[in-house]
Amino acid sequence: MTYAAALPGQPRGGAVGGPATDRAVCVLAPNPSPMTLDGTNTWIVSEPGSDLAVVIDPGPLDDAHLKEVVATAERAGKRVALTLLTHGHPDHAEGAARFAELTRTRVRALDPALRLGDEGLGAGDVITTGGLELRVVPTPGHTADSLCFHLPADAAVLTGDTVLGRGTTVVAHPDGRLGDYLDSLRRLRSLAVDDGVDTVLPGHGPVLNDARGAVEYYLAHRANRLAQVETAVENGYRTPSEVVAHVYADVDRTLWPAAELSVRAQLDYLSEHGLI
């Protein structure tokens, strides 16, 4: 989920969907909107030469899309062996149960309510399927259950809604918390700096070729918005809706309800830190 803003990092450009790295292929869900950009990116990841694949974020409950994900894997000679979720928002997870029926796979997620099977996901988990290695990176903030998946062999990270290919993401208050989100962005920056991750495979929008640049843009953007909200409160704008109308005046009004979630998270953060 997003509101329109300047582009982070270096978008790869071109059409969203199709092969992105040696191991990752995107199937774009047909649910475009101001909040979902071009639609949800459903990712098929697999080791070259393996006949097994992992699907991340099946997307909305759209049978044609779910079947196209299966067909895309099969055309590449692969069988979907596992389904993973970055978080529980419907545009990423609503189709997971139906997709599990189609593929006879387990669904692993941080939130137990979203799982199908006994195994969840957590910090330090490493998924190995058909020789593929995915490392679980907890990234709460957009939502409490948000995860990213580090794909070391491609120097890539699948970010769900934590980092998008265009614009910036919403901190979905009250489930999402700004302090958690800033910590998660710093964790992703460490992946770029210390682990050589250079490619972002986002949940919406195009692939980003400059992971560090994207994350640093997000951190700077959040600091700037936080300062704007703090100043707005000092100038007498008290309610979240008043702050949104003042701070987000340049943003499409249809996105103000989403922006208000982030503002509520920012106001909580400022209050917790004694700044307002």
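These figures come from a predicted structure and were not determined experimentally. The first residue of the sequence shown is numbered 1, and numbering continues consecutively from there.
Note on Leu85: it does not cluster hydrophobically with Leu82, by side-chain heavy-atom contacts below 4.5 Å among ILVMFWY residues. Clustering ILVMFWY residues whenever any of their side-chain heavy atoms sit less than 4.5 angstrom apart, transitively, puts Val215 in the very cluster that holds Leu208. Hydrophobic clustering of Ile, Leu, Val, Met, Phe, Trp and Tyr side chains at less than 4.5 Å, counting indirect connections, unites Leu110 with Leu158. The same ILVMFWY cluster, assembled from side-chain heavy atoms under 4.5 Å apart, contains both Leu188 and Val200. Both Leu178 and Leu185 are assigned to one and the same hydrophobic cluster, defined by single-linkage of ILVMFWY side chains at heavy-atom distances under 4.5 Å.
Remark: Leu116 CG to Arg104 CZ distance equals 15.0 Å, nearest 0.5 Å. Considering CG of Leu267 and CG of Leu275, their distance stands at 11.5 Å, rounded to 0.5 Å. Note that CG of Asp145 is 6.5 Å distant from CG of Asp175, once rounded to the nearest 0.5 Å. Here CG of Leu114 is found 14.0 Å from CZ of Arg108. Values are rounded to the nearest 0.5 Å. Summarising the geometry, atom CG belonging to Leu84 is positioned 7.5 Å from atom OG1 belonging to Thr129; distances are rounded to the nearest 0.5 Å.
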Verdict with supporting geometry, Leu182 and Leu219, side-chain contact (heavy atoms from CB on, under 4.5 Å): CA-CA 7 Å; Leu182 295 175; Leu219 285 164; 4.2 Å; yes

Worked check of side-chain contact (heavy atoms from CB on, under 4.5 Å) between His221 and Asn224: CA-CA 5 Å; His221 171 82; Asn224 182 55; 5.6 Å; no

Side-chain atoms of residues 130-141: list all donor-acceptor pairs with protein atoms under 3.5 Å, sequence neighbours left out, distances to 0.1 Å.
| unit_1 | atom_1 | unit_2 | atom_2 | d |
| --- | --- | --- | --- | --- |
| Glu133 | OE2 | Arg135 | NE | 2.6 |
| Glu133 | OE2 | Arg135 | NH2 | 2.9 |
| Thr139 | OG1 | Cys148 | N | 3.4 |
| Thr139 | OG1 | Thr162 | OG1 | 3.4 |

Distance-only check: which donor-acceptor pairs under 3.5 Å involve side-chain atoms of residues 119-128, not counting sequence neighbours?
| unit_1 | atom_1 | unit_2 | atom_2 | d |
| --- | --- | --- | --- | --- |
| Glu119 | OE1 | Arg106 | NH1 | 2.2 |
| Asp125 | OD2 | Gly122 | N | 2.8 |

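For the residue pair Thr42 and His65, a side-chain donor N or O sits within less than 3.5 Å of a side-chain acceptor on the partner. Between the side chains of His204 and Asp91, a donor-acceptor pair is found at a separation under 3.5 Å. One side chain, Asp161 or His92, offers a donor N or O that lies under 3.5 Å from an acceptor on the other.
In this structure, His89 and His87 have perpendicular ring planes: the angle between them is above 60°, well past the 30° mark.
Residues satisfying the side chain to side chain donor-acceptor pair (under 3.5 Å) test with Glu68, not counting sequence neighbours, are Thr72, Arg75. In this structure, the side chain to side chain contact (heavy atoms under 4.5 Å, CB included) partners of Arg12, at least two apart in sequence or on a different chain, are Ala20, Thr199, Val207, Asn209.
The backbone N or O of Ala249 lies less than 3.5 Å from no partner atom in the side chain of Trp256, so there is not a single donor-acceptor pair. Tyr237 contributes no side-chain N or O that, together with a main-chain N or O of Val244, makes up a donor-acceptor pair within less than 3.5 Å.
Between Lys78 and Gly49, the shortest heavy-atom contact is NZ-N, 4.2 Å.
Salt-bridge formation is detected for the pair Asp63/Arg98: a Lys NZ or Arg NE/NH1/NH2 atom is positioned less than 4.0 Å from an Asp or Glu carboxylate oxygen.
Among pairs with a residue in residues 237-260, those fulfilling salt bridge (charged side-chain N to carboxylate O under 4.0 Å, His left out) read Glu260-Arg264, at least two apart in sequence or across chains. For residues 29-44, every residue pair satisfying the salt bridge (charged side-chain N to carboxylate O under 4.0 Å, His left out) rule, not counting sequence neighbours, is listed here: Asp38-Arg166.
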